[in-house]
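Scroll down for the structure; my scribbles are underneath it.
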Amino acid sequence: MTGRVVVIGVGNTYRRDDGAGPAVIEALRSRAPEGTVLTDSDGEPGRMLGLWRRQDAVVVVEVVHAHPGQPGRLHTLTAERAARCAVRSASTHALGLGETFALAAALDRMPSELTVHAVEGEDFGLGRGFSTAVADALPELIRHVAKAIDEAYDRLRRASTPADDRGTA
């Protein structure tokens with residue numbers, strides 16, 4: 001296998017719903033496959049780029065504001081779609097994922113694959129704990145991310161298996 005699976009929970013645990021990304025990472029620590037890189041990030045683009053390599057499969061877990069919004073609604077986006085949606089939704093951080101991905105592309109630092117799993121947040125005030133909508137959505141978000149990890153490992157294994165071993169010549 002040439003790459004790793006890197007899962008990044010973006011957010012701030014002291015800004016209510018914004019802590020959902022790190023909460024997903026914590027929930028996955030005991031059940032992610034061995035070798036999975038699980039980490040938190042504040043979303044700052046330069047630090048985000050330092051978390052992955054070009055050959056990695058990256059899964060980002062984020063909380064977004066959507067306009068119009070539906071707190072608790074889940075989204076799964078490719079990097080390209082996340083960048084396009086930046087006009088209609090926004091990260092809870094100063095610079096959104098769209099800007100991070102644009103910087104990664106400009107620096108030729110995009111990972112081999114990148115998927116964003118996001119939940120629409122409701123309460124970004126100071127404090128810990130989630131709004132009811134986000135708390136109710138967290139189990140499903142965790143399942144989506146766990147499935148994305150398994151699927152990324154499957155793709156990385158297939159990509160690293162020589163064609164002869166896959167039954168094709």
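For T76, the side chain to side chain donor-acceptor pair (under 3.5 Å) partners are H117, not counting sequence neighbours. Residues forming a side chain to side chain contact (heavy atoms under 4.5 Å, CB included) with E120 (at least two apart in sequence, or on another chain): V64, A66, Q70, R73, H75. The side chain to side chain contact (heavy atoms under 4.5 Å, CB included) test applied to L107 returns L49, L103, R109, not counting sequence neighbours. Every residue two or more places apart in sequence or in another chain that forms a side chain to side chain contact (heavy atoms under 4.5 Å, CB included) with L51 is listed here: I8, T39, S41. Not counting sequence neighbours, D136 has no partner by the side chain to side chain donor-acceptor pair (under 3.5 Å) test. Partners of A137 according to the side chain to side chain contact (heavy atoms under 4.5 Å, CB included) rule, which considers only residues two or more places apart in sequence or in another chain, are L74, V119. By the side chain to side chain donor-acceptor pair (under 3.5 Å) test, R29 is found to be paired with E26, residues two or more places apart in sequence or in another chain being considered. Applying the side chain to side chain donor-acceptor pair (under 3.5 Å) test to T36 and every residue at least two apart in sequence or in another chain returns Y153.
Residues F130 and A23 share a closest heavy-atom pair of CZ-CB, 3.7 Å. Closest approach of W52 to A104, counting heavy atoms only: CZ2-CB, 4.1 Å. Closest of all the heavy-atom pairs between V5 and A152 is CG2-CB, 3.9 Å. Residues P22 and T13 approach most closely at CB-CG2, 3.7 Å, considering heavy atoms. The shortest heavy-atom contact between A133 and P71 is CB-O, 3.4 Å. Closest of all the heavy-atom pairs between V10 and G43 is CG1-CA, 3.7 Å.
Checked options V145, V7, V59; the residue passing with L38 is V7 (criterion: side-chain contact (heavy atoms from CB on, under 4.5 Å)). Of the options I142, L28, L141, a side-chain contact (heavy atoms from CB on, under 4.5 Å) to V61 is made by L141 and by none of the others.
Side chains of V24 and L138 form a contact here, defined as non-hydrogen atoms less than 4.5 Å apart.
Using modelled atom types, no side-chain atom of D56 and backbone atom of V58 make a donor-acceptor pair closer than 3.5 Å.
One finds no salt bridge joining D150 and K147 here, because no Lys/Arg side-chain nitrogen approaches an Asp/Glu carboxylate oxygen to under 4.0 Å.
Linking ILVMFWY side-chain heavy atoms closer than 4.5 Å, directly or via other members, places V60 and V37 in a single hydrophobic cluster.
The structure places CG of D40 at 10.5 Å from CG of N12, a figure rounded to the nearest 0.5 Å.
Residue pairs that meet the salt bridge (Lys or Arg N to Asp or Glu O under 4.0 Å) test with at least one member in residues 121-131, sequence neighbours left out, are R16-D123.
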